[in-house]
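In what follows, a single structure is set out as structure tokens and then discussed.
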Amino acid sequence: MFSLIRNEWVKIFKRSGTYVMIGILLFIVAVAGAFMKYQDVQGSVPPNEQWQKGLQMEIDSYQKELENSGDMLPEDVKESYEKIIAINEYRIENNISPNGDYEALSFISDMSSLIDFAGLFMIIIAGGIVASEFNWGTIKLLLIRPITRSKILLSKYITVLLFGFSLLFLLFIFSGILGLVLFGLGGSEPYLLYQDGVVKEQSMILHLINVYSLSSIQNIMLATMAFMISSAFRSSSLAIGLSIFLMFAGGQITHLIAMKYDWAKYSLFANTDLFQYFEGTPMLPGMTLTFSVIMLIVYFLIFQIIAFIIFKKRDIAG
Amino acid sequence: MKAVVKIENVTKIIKKRKIIDSLSFEVMEGEVFGFLGPNGAGKTTTIRMIVGLIGISEGDIKILGNSVQTNFEKAIQHVGAIVENPEMYKFMSGYQNLLHYAKMSEGITKEKIMETVEFVGLTERIHDKVKTYSLGMRQRLGLAQCLLHDPKVLILDEPTNGLDPAGIREIRDHVRKLARERGMAVIVSSHLLSEMEMMCDRVGIIQKGKLITIQSVHEQVEGGAKEYEIDVDHPTEAMFAVNRLIPQQQAEVKGNTLMLRAQKEDIPLLVKEWVHDGINIYRIQETTKTLEDRFLEVTTLQKEAE
Ligand SMILES: Nc1ncnc2c1ncn2[C@@H]1O[C@H](COP(=O)(O)OP(=O)(O)OP(=O)(O)O)[C@@H](O)[C@H]1O
Ligand SMILES: [Mg+2]
């Protein structure tokens, strides 16, 4: 099994596309770092002792907006306004300036939005890892050795996971090192977390762990779906295209459906974003963390079962 | 000799069409078995079933006593095969391809890999990327790949496809050597008859998914008398001389060509006689009835029967 995984790993890293992906990821981090260092990206808040006034002005303007057109605003816009107001109020009350030192951990946190990018690359690998063997005709080589088809497929799936984790690890380490070099290690700014109308403080490290692990779940689910399509339909473009489309649009579509129908909560994309239980509000009433976890497990098993059954049964012809 | 591969009444149905119809044959240790048939006869399909790439609708295939259906891993362990074209990872070098493949079998050392590379004559280019290889080099690499784990059964689907005469000859020599020296049972498919004749011990002819006949290639030679074609300027007179010298054999005139059946020793006697009679001889050629003739004979008979 180990040597099979190593084989898959070698095949991924013998292709230039892989390095392009990694290069893009690191490049974006580097550019963002340079930008933040040399471009003074400050918020709308004055950088001096006046920050409280600035925040208060922001609160007032959002509040006015809410009062004037509160009923016309979409639910999520309204919520985001309320969140800004609550966090600003918390800052003023507890004397936490938004102009605190920008340091390595803040940079990692800002760069964590690139986890989606890593997910994208994970999908590309997952969508290609089985289908490409069919395209190249090399699937024949793999299947005429004394190794069961399930083992071949499993080794490929594990490789996809390893690749995904490696990308996240790389992202974390690289943004950490770059953050340290550019911004140094500052005092520990807490992360302000807003849920159910209450603001809570959370240590930055804990926040980062949360972000990385919860985002991984979404990446894994989408990659598993791409992997399933790849092994069931032998088409990497279908697997990659559909998965990426759903990655970007799946949430929106589910949101639209959720406005009218309650069954939207059974959709995969209503459940991939587990942040809704830690920050913000669940997409639909009645959804709980347990519900989502069970749904995710069910989807995961369905994807795997389809992939394995079809791959095992299939006649390899042509 | 022991039967290594046993095809037992195998049928393959794809989309309600019988692609292979109750096929049965055996391949012995140290034997080169030719699998001959026109395009679309079902050669590749049969090979795919032997190596477990596609399922078997009816019947069974056993390799060294292990069924490929119920005991696949044991059965396939001793098989090395190229199905259709030798497919490789083009973005890796030949050596990396072999290493990749070696990792899927137990205990193949780097020395073994290099030894195999040497055997197929690819040492010089083995570290180049496969995408820079010619077709002939890819065939060699494919052969090396099948041989890495010292298989007892070697299956090559149209191994000479696209090769030049030198390449064809080389493959032929390799195949014969592997069967003779290493006792492998070799199955070679082709639609090139002349080639089968030179490479194989026995040839099974398949058409439309049915095995029509199995022939020993060297049967004819053992008979003694051979067919000859002789171009002369006076064929009729030449035929009289034949009738005088070897009355037991019949001769026939076709244009300026004399067709006859004779023992090898009769030929110099005949030549002396013709020279004595003042007949000019332009060409003497042995025309053993080729497998091709037999193949066409059999397949046309088959067609007429329909
Ligand atoms: N997956 C498939 N679906 C439907 N028909 C198939 C399939 N695979 C093969 N066939 C049919 O089975 C028959 C035998 O095909 P096969 O490839 O075994 O022929 P072959 O003897 O190898 O021919 P060639 O000399 O051209 O390689 C053909 O008529 C082909 O159309
Ligand atoms: Mg074929």
Pick one of side chain, backbone, both or neither for [X], based on which atoms fall under 4.5 Å of a heavy atom in chain B.
| X | value |
| --- | --- |
| L141(A) | both |
| R6(A) | side chain |
| S16(A) | neither |
| K11(A) | both |

Sidechain-backbone polar pair: K103(B) side chain, N7(A) backbone, donor-acceptor under 3.5 Å: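 No: the side chain of K103(B) does not pair with the backbone of N7(A).
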
D315(A) (side chain) donor-acceptor with G55(B) (main chain) under 3.5 angstrom: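 Confirmed, D315(A) side chain pairs with G55(B) backbone.
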
For [X], which atoms come within 4.5 Å of any heavy atom of chain A: side chain, backbone, both, or neither?
| X | answer |
| --- | --- |
| E106(B) | neither |
| F72(B) | side chain |
| K129(B) | neither |
| V79(B) | backbone |

Note, R145(A) side chain near H149(B) side chain (heavy atom, < 4.5 Å): yes

Exceeds 12 heavy-atom contacts within 6.0 angstrom, atom CD of E118(B): no

E133(A) vs Y89(B), side-chain contact (heavy atoms from CB on, under 4.5 Å): CA-CA, chis, key distance, verdict: CA-CA 9 Å; E133(A) 301 276 0; Y89(B) 299 102; 2.6 Å; yes

Option that, when pairs with chain A are counted at under 4.5 Å, heavy atom only, ranks first among M104(B), H100(B), M88(B): H100(B)

R149(A) to L53(B) - nearest heavy-atom pair and separation: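 Here R149(A) and L53(B) meet closest at NH2-O, 3.2 Å.
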
E73(B) vs T148(A), side-chain contact (heavy atoms from CB on, under 4.5 Å): CA-CA, chis, key distance, verdict: CA-CA 7 Å; E73(B) 279 150 278; T148(A) 57; 3.2 Å; yes

